[in-house]
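Computed from heavy atoms alone, side chains included, the values below leave out hydrogens, waters and symmetry copies.
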Amino acid sequence: MKNTEQLKNPQINRQELFLLVTPILGFFPAMWILFRQKASLQHRAVSRLILTLTFIWLLGNILLQLGVEIGESGTITFLLINSLLTTSYFLISFGLMVRIWKRQPLWLPGISRIAEKFVGKHL
């Protein structure tokens, strides 16, 4: 479900959505929202998206760090890719903040679909 209608709803508190899309720190309130299961559909959809983004970033970060530790050559390459991954994560989060500010739907191609299918099924 795309969240077009609900972002235009004046009842949605945009400050709470800004907190959710804050890189790294937004992970904890997103987990709380999904486990509590009393939040609005908008907050739950954003929480699923943020959990998916954070897990992708964290998994990529861990795998690249393992590559640095295990690999004998290409250490600089792994570190460069890791920095690009982290920069992308922060830029995507900033882009989501801009979309919240403009009251646009929070839909990322591919990642939103993963969030709805896998995270939505389990939480």
Side-chain angles (χ1 to χ4, degrees):
M1 174 181 133
K2 290 189 180 180
N3 306 320
T4 311
E5 308 85 30
Q6 294 174 348
L7 277 180
K8 294 179 182 175
N9 185 353
Q11 302 294 329
I12 299 294
N13 189 351
R14 289 194 301 172
Q15 287 81 16
E16 291 175 7
L17 293 178
F18 276 121
L19 176 66
L20 286 175
V21 299
T22 303
I24 301 169
L25 297 177
F27 172 80
F28 301 106
M31 286 292 286
W32 178 257
I33 285 173
L34 289 178
F35 282 124
R36 190 178 62 174
Q37 297 185 357
K38 292 182 182 177
S40 68
L41 291 174
Q42 173 68 29
H43 284 88
R44 294 188 65 168
V46 171
S47 295
R48 285 191 294 269
L49 179 64
I50 293 307
L51 284 179
T52 304
L53 276 174
T54 305
F55 281 136
I56 289 171
W57 170 75
L58 189 61
L59 182 65
N61 202 349
I62 290 170
L63 291 176
L64 287 168
Q65 285 297 330
L66 283 174
V68 168
E69 295 295 325
I70 293 172
E72 295 177 8
S73 62
T75 304
I76 299 297
T77 305
F78 282 124
L79 292 175
L80 179 63
I81 293 171
N82 193 2
S83 66
L84 289 174
L85 178 69
T86 301
T87 302
S88 299
Y89 172 63
F90 277 79
L91 286 176
I92 289 171
S93 296
F94 179 72
L96 289 173
M97 287 180 183
V98 170
R99 293 181 71 82
I100 290 170
W101 180 62
K102 291 183 175 181
R103 296 187 185 270
Q104 294 177 341
L106 298 179
W107 184 259
L108 296 173
I111 297 174
S112 293
R113 187 172 299 156
I114 292 170
E116 292 299 323
K117 282 187 178 180
F118 296 110
V119 179
K121 185 192 318 184
H122 298 292
L123 293 176

Is the closest side-chain heavy-atom distance between [X] and [Y] below 4.5 Å?
| X | Y | answer |
| --- | --- | --- |
| L96 | L108 | yes |
| I33 | V46 | no |
| F94 | V21 | no |
| I24 | F90 | yes |

Output the distance between atom [atom1] ([X]) and atom [atom2] ([Y]), rounded to the nearest 0.5 Å.
| X | Y | atom1 | atom2 | result |
| --- | --- | --- | --- | --- |
| H43 | L34 | NE2 | CG | 11.5 Å |
| L53 | L58 | CG | CG | 12.5 Å |
| L84 | L91 | CG | CG | 10.5 Å |
| I81 | T86 | CD1 | OG1 | 12.0 Å |
| I100 | E16 | CD1 | CD | 11.0 Å |
| L25 | S93 | CG | OG | 10.5 Å |

Relative to each other, are the rings of F55 and F27 parallel, tilted or perpendicular (30° and 60° limits)?
perpendicular
Is there a donor-acceptor pair under 3.5 Å between the side chain of T22 and the backbone N or O of L19?
yes
Does the S83 side chain pair with the main chain of L80, one donor and one acceptor, at a distance under 3.5 Å?
yes
Honestly curious: do [X] and [Y] fall in one hydrophobic cluster under the side-chain, below-4.5 Å linking rule?
| X | Y | result |
| --- | --- | --- |
| I62 | Y89 | yes |
| W57 | L66 | yes |
| I92 | V98 | no |

Let me see the working for V68 and N82 under side chain to side chain contact (heavy atoms under 4.5 Å, CB included), right down to the final yes or no.
CA-CA 10 Å; V68 168; N82 193 2; over 6 Å; no
Exactly one of L51, I50, T52 should register a side-chain contact (heavy atoms from CB on, under 4.5 Å) with T54. Which one does?
I50
For M97 against P23, the heavy-atom pair lying closest together
CE-CD, 4.2 Å
Heavy-atom pair of closest approach, residues W101 and R14
O-NH1, 2.6 Å
